[in-house]
Chemist: 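Take a look at the following structure, please.
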There are 2 protein chains.
Amino acid sequence: MNELTINLNEKLHIPLYEQIYQYIKDDICSARMSCGEKLPSTRALAQYLEVSRSTVEMAYEQLLSEGFIETMPRKGYYVSELEGVYRQNFSGEKYSKVRGKETKKYDYDFNPNGIDLYSFPYNIWRKISKEILIDDRSELFKSGDSQGEEDFRYAIQNYLHQARGVNCTVDQIVVGAGNEYLLMLLGMIFGKNQKIAFETPTYKQAYRLFEKLSYEVTTVDMDQYGMQVNKLRESGANLAYVMPSHQYPLGIVMPIKRRLELLKWAVESEERYIIEDDYDSEFRYKGKPIPALQGYDANGKVIYLGTFSRSIAPAIRVSYMVLPKPLIEAYHKQCEFLSCTVSKVDQCVVQRFMEKGHFERHLNKMRALYKGRHDILLANLKPLMNQCRITGEHAGVHLLLHFTDGRTEEELISLAKEHRIKVYGLSKYNTGSCDQKHATILLGYANISEKDIVKATEILCEIWK
Amino acid sequence: MNELTINLNEKLHIPLYEQIYQYIKDDICSARMSCGEKLPSTRALAQYLEVSRSTVEMAYEQLLSEGFIETMPRKGYYVSELEGVYRQNFSGEKYSKVRGKETKKYDYDFNPNGIDLYSFPYNIWRKISKEILIDDRSELFKSGDSQGEEDFRYAIQNYLHQARGVNCTVDQIVVGAGNEYLLMLLGMIFGKNQKIAFETPTYKQAYRLFEKLSYEVTTVDMDQYGMQVNKLRESGANLAYVMPSHQYPLGIVMPIKRRLELLKWAVESEERYIIEDDYDSEFRYKGKPIPALQGYDANGKVIYLGTFSRSIAPAIRVSYMVLPKPLIEAYHKQCEFLSCTVSKVDQCVVQRFMEKGHFERHLNKMRALYKGRHDILLANLKPLMNQCRITGEHAGVHLLLHFTDGRTEEELISLAKEHRIKVYGLSKYNTGSCDQKHATILLGYANISEKDIVKATEILCEIWK
């Protein structure tokens with residue numbers, strides 16, 4: 001027994017039986033105890049360690065249940081046959097808070113994906129969250145509807161109908177944690193052997209995702225009205241991914257004529273569907289918002305995608321899609337077994353945020369805010385109008401500068417960088433196939449104050465002139 | 001007032017104000033109370049029900065805020081015009097319908113996927129959520145780390161190391177909204193031409209998901225130690241999906257020998273990996289929890305999957321996976337462009353819930369609660385021991401009855417159903433290939449009280465004898 005060295009420590013918060021268990025286990029794992037070796041009887045070990053016999057029995061129980069030792073009736077306990085046991089090396093680093101601090105390289109950032117967070121209605125949000133958690137109690141933590149809570153879907157249906165002219169019933173709506181997740185569901189709904197066409201340049205996330213889902217992915221050139229339908233037809237794709245209300249990144253608003261051409265294309269074959277990503281539609285500064293393409297679709301050909309991540313906050317991981325009736329059955333068949341990825345609490349909070357009118361108020365506020373920045377940016381870029389042309393204005397939260405003076409994107413970007421201004425080149429949105437004639441710069445204004453816009457554009461006009 | 005019948009039940013875990021609220025809401029939704037009808041004053045109703053006036057006021061507050069009733073200064077409370085609020089009406093009906101159905105068909109439900117929600121620490125949860133929303137402000141709503149917030153991953157790493165013997169660094173942890181989503185990411189990490197083997201019977205969600213991801217899916221028979229490694233080898237699969245700490249549905253605890261054989265299988269080829277679904281490991285009633293298979297893996301072959309949906313609540317859509325080092329690069333390449341599907345708020349709440357020790361306390365509480373039900377269920381099934389054999393005990397939240405007396409699953413289930421007891425047959429977990437010798441019944445005890453267990457088992461012993 002002397003080869004079995006166990007030093008129990010009463011002071012440790014670890015129960016004695018566990019300490020014994022650990023010692024023996026380590027001896028086995030480190031091969032200090034070899035296969036087939038007999039263990040001391042529980043009585044003997046208890047005496048030896050001066051602990052109660054039941055303590056030792058508990059330790060042996062645990063070793064038995066994990067299969068480290070075996071018992072033979074009226075013979076005792078033996079180390080099990082274990083070929084090449086791996087040693088447990090507890091290399092796990094200790095708990096320490098290390099936050100990656102990034103050094104501020106820029107004074108001004110025209111990030112086209114930015115969103116203004118100072119205007120987020122924290123107090124209302126907190127108040128609603130509190131109310132929700134007081135109200136519903138246990139109902140709130142039961143597993144819910146895999147499509148999203150029905151009442152929440154009513155609120156979404158209501159909003160989509162009022163604000164976006166989308167026509168649907170609640171059973172067509174599927175709630176999910178982010179657009180990408182919903183696109184994954186679409187991937188499962190459509191299954192294999194699909195060919196999807198993207199505008200070029202386009203929203204790279206979606207493009208890459210369908211690549212990963214091993215879809216055949218292709219791109220279709222755009223003219224000033226958006227995706228060219230004849231080229232789409234030539235591409236042989238059966239799915240078309242478009243952003244009609246404000247194309248990303250080009251900011252093109254697809255006119256009704258082109259929309260109807262697209263719908264016509266879809267109707268030509270049963271396999272064809274249009275995925276309408278309406279990501280930015282809430283923000284339009286001229287006239288009233290343009291209704292969604294889905295609203296014109298009489299044949300169940302449009303899959304509508306929307307998100308609260310841009311209209312409320314990026315960290316709100318709540319998106320929704322509206323499936324055309326022909327796809328609902330497929331959805332139930334392929335995806336219904338997946339529980340909803342958005343917690344009920346979050347669904348309830350957003351629902352109440354909408355039902356109490358906060359969402360509409362928030363959107364109006366943001367629209368006014370962004371319009372102010374949009375107008376000031378436009379006004380202050382005037383001095384550059386000899387060098388470049390502006391597109392993508394009056395909607396969304398970014399616009400584009402097309403330089404016609406032969407300078408490259410890199411030159412313009414690095415010039416700005418030298419003056420601590422971050423601007424974004426269009427080329428990074430290219431999916432390869434599309435060749436740019438002119439250097440094109442994106443300027444996002446959602447997350448930069450009017451004061452900073454004035455200061456930054458002053459510099460830009462100076463250096464880009 | 002006599003037409004307003006409210007029977008409060010002190011024994012229910014539902015607060016009195018909520019019971020009052022529900023009664024009145026149901027009366028309004030079912031038109032037992034008509035529009036414009038006057039409600040009793042809070043004082044009168046409080047007297048009538050012998051509750052405090054503030055309780056009634058809370059109920060009325062709730063009805064007011066949901067628009068079921070209106071108040072007229074110095075006149076009192078009246079039922080609102082309900083034409084407009086079709087939504088509440090509908091959901092109200094649906095709600096009572098659902099409640100009705102459940103109570104109508106069964107008195108007792110041994111759902112193996114149940115979880116006790118009355119024990120959920122609502123107040124702590126609400127308190128933390130409130131703190132979080134006061135603390136972090138705008139940081140909280142910026143888009144975050146696609147792997148999950150670093151501090152949250154530290155908390156998870158810490159827990160996994162202490163409680164599950166999992167060895168990893170935070171950069172190996174990926175947070176996602178539910179296991180299925182994380183499996184989708186795995187699908188993208190591994191890409192095409194993979195063959196995955198499942199135990200049979202197994203957790204069907206995962207099986208079906210990989211089918212949908214158009215993986216080659218196969219099943220491998222189990223013996224009493226779990227998946228048979230030689231048969232796994234024959235299957236030609238390069239991925240193995242196992243649940244070593246408490247196999248679902250069979251409840252087998254995989255002994256160390258089999259675990260090491262599995263690891264050995266994985267090491268034999270570079271393409272081979274083991275997916276360890278540790279879904280139920282928190283609940284073990286004999287000795288201490290058995291360390292995860294991942295803890296024995298010295299060669300980066302185990303992908304560890306865990307979830308808070310079972311340990312905290314199903315509606316908490318927070319899961320995590322630990323990627324072995326060889327797969328991290330692939331993850332960054334294939335999936336990093338996808339933002340995290342769990343909102344930062346939810347991540348922070350769970351993180352603080354863990355860091356303040358609430359999670360551990362909650363687990364201990366649930367373990368004790370479930371153990372009590374487990375023990376009583378075992379004890380009260382004794383009379384059946386001539387007809388059947390019990391397996392899967394001492395862990396998880398369900399056990400299995402294997403009937404050796406030739407009766408079919410259907411017979412046993414419908415017998416129970418006749419007596420308003422819901423039990424579950426093993427066959428529904430079969431993925432086809434596996435044939436059952438005996439009728440096998442699953443009894444889940446997570447969401448049924450000790451009192452009900454006693455009553456129900458009494459009946460079961462009578463009818464199944």
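Lettering follows sequence order; numbering is per chain, from 1.
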Chemist: Is B:Tyr225 atom OH crowded by more than 12 heavy atoms from other residues, nucleotides or ligands, each under 6.0 Å away?
Modeler: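 Open: at most 12 neighbouring heavy atoms sit under 6.0 Å from OH of B:Tyr225.
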Chemist: Given heavy-atom pairs under 4.5 angstrom as the criterion, report whether the side chain, backbone, both or neither of B:Leu185 touches chain A.
Modeler: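 Looking at B:Leu185, just its side chain touches chain A.
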Chemist: Below 4.5 Å, heavy-atom pairs only: which of A:Ser309, A:Ser129, A:Cys340 has the largest tally toward chain B?
Modeler: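 Among A:Ser309, A:Ser129, A:Cys340, the one with the most close pairs to chain B is A:Cys340.
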Chemist: Which atoms of B:Val318 come close to chain A, meaning under 4.5 Å heavy atom to heavy atom: side chain ones, backbone ones, both, or neither?
Modeler: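 No part of it gets close to chain A.
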Chemist: Is it the side chain or the backbone of A:Gln205 that comes within 4.5 Å of chain B heavy atoms, both, or neither?
Modeler: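 Both parts, backbone and side chain.
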Chemist: Under a 4.5 Å heavy-atom cut-off, does chain A meet the side chain of B:Ile115, its backbone, both or neither?
Modeler: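 Neither part.
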Chemist: In terms of heavy-atom pairs under 4.5 Å, which option from B:Met188, B:His394, B:Arg317 contacts chain A the most?
Modeler: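 Highest number of heavy-atom pairs under 4.5 Å: B:Arg317.
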Chemist: Could you tell me which portion of A:Met184 (side chain, backbone, both or neither) has an atom closer than 4.5 angstrom to a non-hydrogen atom of chain B?
Modeler: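 Only the side chain of A:Met184 comes within 4.5 Å of chain B.
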Chemist: Verify the neighbour count for atom NE2 of A:His161: are there more than 12 heavy atoms of other residues, nucleotides or ligands below 6.0 Å?
Modeler: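 Count not over threshold, so no.
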Chemist: For B:Arg153, which atoms come within 4.5 Å of any heavy atom of chain A: side chain, backbone, both, or neither?
Modeler: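 The answer is neither part of B:Arg153.
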Chemist: Closest heavy-atom contact between B:Ser343 and A:Asp346?
Modeler: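 B:Ser343 and A:Asp346 have their closest heavy atoms at OG-OD2, 3.4 Å.
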Chemist: Under 4.5 Å, counting heavy-atom pairs only, tell me which of A:Gly178, A:Ser214, A:Ser319, A:Ala59 racks up the most with chain B.
Modeler: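 Top option by heavy-atom pairs under 4.5 Å: A:Ser214.
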Chemist: Quick one, B:Ile256 and A:Ser80 - any side-chain contact, counting heavy atoms below 4.5 Å?
Modeler: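 They are not in contact (no side-chain heavy atoms under 4.5 Å apart), so the answer is no.
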Chemist: For A:Cys335, is it the side chain, the backbone, both or neither that has a heavy atom under 4.5 Å from a heavy atom of chain B?
Modeler: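 Neither part, no heavy atoms under 4.5 Å.
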Chemist: Looking at every heavy atom in both B:Lys130 and A:Lys130, which two are closest together, and how far apart are they?
Modeler: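 Closest approach of B:Lys130 to A:Lys130: CD-CD, 3.9 Å.
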Chemist: Between A:Arg126 and B:Leu133, which heavy-atom pair has the shortest distance, and what is it?
Modeler: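 Scanning both residues completely, I find the closest heavy atoms to be NH1-O, 3.2 Å.
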Chemist: Using heavy-atom distances under 4.5 Å, tell me whether B:Lys127 contacts chain A through its side chain, its backbone, both, or neither.
Modeler: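 Neither part.
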Chemist: Can you confirm whether A:Leu209 sits close enough to B:Phe337 that some side-chain heavy atom of one is under 4.5 Å from a side-chain heavy atom of the other?
Modeler: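 The answer is yes; the side chains approach within 4.5 Å.
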Chemist: Heavy-atom cut-off 4.5 Å, strictly under: side chain, backbone, both or neither for A:Glu18 against chain B?
Modeler: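 It is the side chain, since no backbone atom gets that close.
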Chemist: Answer with side chain, backbone, both or neither: which region of B:Phe120 has an atom nearer than 4.5 Å to a non-hydrogen atom of chain A?
Modeler: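 Answer is side chain: those atoms of B:Phe120 sit under 4.5 Å from chain A.
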Chemist: May I ask you to name which of A:Arg208, A:Glu211, A:Glu180, A:Gln347 has the most heavy-atom pairs under 4.5 Å with chain B?
Modeler: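 Heavy-atom pair counts peak at A:Arg208.
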Chemist: Is chain B contacted by the side chain of A:Gln334, its backbone, both, or neither, given a heavy-atom distance below 4.5 Å?
Modeler: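 Looking at A:Gln334, backbone and side chain both touch chain B.
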Chemist: Side chain, backbone, both or neither: which part of A:Val170 has an atom under 4.5 Å from a heavy atom of chain B?
Modeler: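 Neither the backbone nor the side chain of A:Val170 comes within 4.5 Å of chain B.
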